[in-house]
Amino acid sequence: MNSATRFILLLALAGPLAGWAQTGPSESSAASPASSTATPVNNAAGAAPTLTAASPQYVLRAGDVVQVKVYQEEDLTSTSRIGKEGTLVMPLLGSVKVGSNTLAEATVVIHDLLVKDYLVNPQVSLNVTEFAKRRFTVLGQVQKPGTYDMPPDESVSLLQAIATAGGYTRIGNPRRITVQRTVGNSNNLLKLDAEAMANNIKQQPFVVLPDDVIIVGEKWM
């Protein structure tokens, strides 16, 4: 075999070997335990829910988790859950009543308390890191009776609540709506006409409150 023939034979053998060298590591990596158990970044089931930032007009309520920061005062940074009495706990100040105040109003309350005894013109910021669960229930003649979560920083009207429950059944009567609402220690029953609300676009929407129970009656009642 002359030298030219040997050179051509070597080239023919080198091609398949080079291809094996390029594909071999990739195949090994694909079969490794680490890669087979990796979770995709866009896995919706495992993704953490996105928290909607609260607006300054958001009304704080028991169960909200609030982070308080004071500019250049790291020792005063705190995160606490608002208790049933509407208070949160802060360094220096102890329990501070913020429930039923808007985020903006609560910021002013904490600012004024710090100015009174501790700091000169503190720059206070509040942020809701976890919203308390706000729910309403729709029962009676709707397609999907049940309990539903309310958006954390939005109001829900009566008509929206009924739509969330799938709308009326065939015998549902929009003119016979009852809302059970607890105010303090008293239970109130409100009789409403959702049909009139839907037909009068100038009428202010009836706002559903957390823990309201909406009952849709029947047409023949």
Are the side chain of Asn200 and the backbone N or O of Lys202 linked by a donor-acceptor pair below 3.5 Å? yes

Salt bridge present between Lys97 and Glu85 (N-O < 4.0 angstrom): no

Is the closest side-chain heavy-atom distance between Leu192 and Phe206 below 4.5 Å? yes

Look at the side chain of Arg134 and the backbone N and O of Asp149, then say whether any donor-acceptor pair between them is shorter than 3.5 Å. no

Is it true that the side chains of Tyr168 and Asn173 contain a donor and an acceptor less than 3.5 Å apart? no

State whether the number of non-hydrogen atoms from other residues, nucleotides or ligands found under 6.0 Å of Tyr71 atom OH is greater than 12. no

Student check: side-chain heavy atoms of Met197 and Leu158 closer than 4.5 Å: yes

Decide yes or no for Thr178 and Val216: does some side-chain heavy atom of the first lie under 4.5 Å from some side-chain heavy atom of the second? no

Shortest non-hydrogen contact between Ile214 and Ala161, atoms and distance: CD1-CB, 3.6 Å

Flag the pair Val115 / Pro122 as yes when at least one side-chain heavy-atom distance between them is below 4.5 Å, and no otherwise. yes

Can you find a pair of side-chain heavy atoms, one from Thr129 and one from Thr79, that are under 4.5 Å apart? yes

Has the side chain of Arg61 got a donor or acceptor atom that lies under 3.5 Å from a matching backbone atom of Pro210? no

Do Tyr58 and Asp64 come close enough that some side-chain heavy atom pair is under 4.5 Å? yes

Does the side chain of Val68 come within less than 4.5 Å of Val124's, by heavy atoms? yes

Looking at Arg81 and Gly63, would you say the former's side chain and the latter's main chain have a donor-acceptor pair under 3.5 Å? yes

Over 12 non-hydrogen atoms of neighbours within 6.0 angstrom of CG in Asn188: yes

What pair of heavy atoms forms the shortest contact from Tyr148 to Ala165, and how long is it? OH-CA, 3.6 Å

So how far is it from Lys116 NZ to Leu93 CG, rounded to the nearest 0.5 Å? 10.5 Å

Passing candidate, side chain to side chain contact (heavy atoms under 4.5 Å, CB included) with Val128, options Leu60, Val65, Ile82: Leu60

Is a side-chain N or O of Glu73 found less than 3.5 angstrom from the main chain of Val70, in a donor-acceptor match? no

Ignoring hydrogens and geometry, is there a side-chain-to-backbone donor-acceptor pair from Asp212 to Leu209 under 3.5 Å? yes

Val96 side chain near Thr87 side chain, heavy-atom distance below 4.5 Å: no

Checking side chain to side chain contact (heavy atoms under 4.5 Å, CB included) between Ile177 and each of Ile162, Val138, Ile215, Leu159, which is the one that passes? Ile162

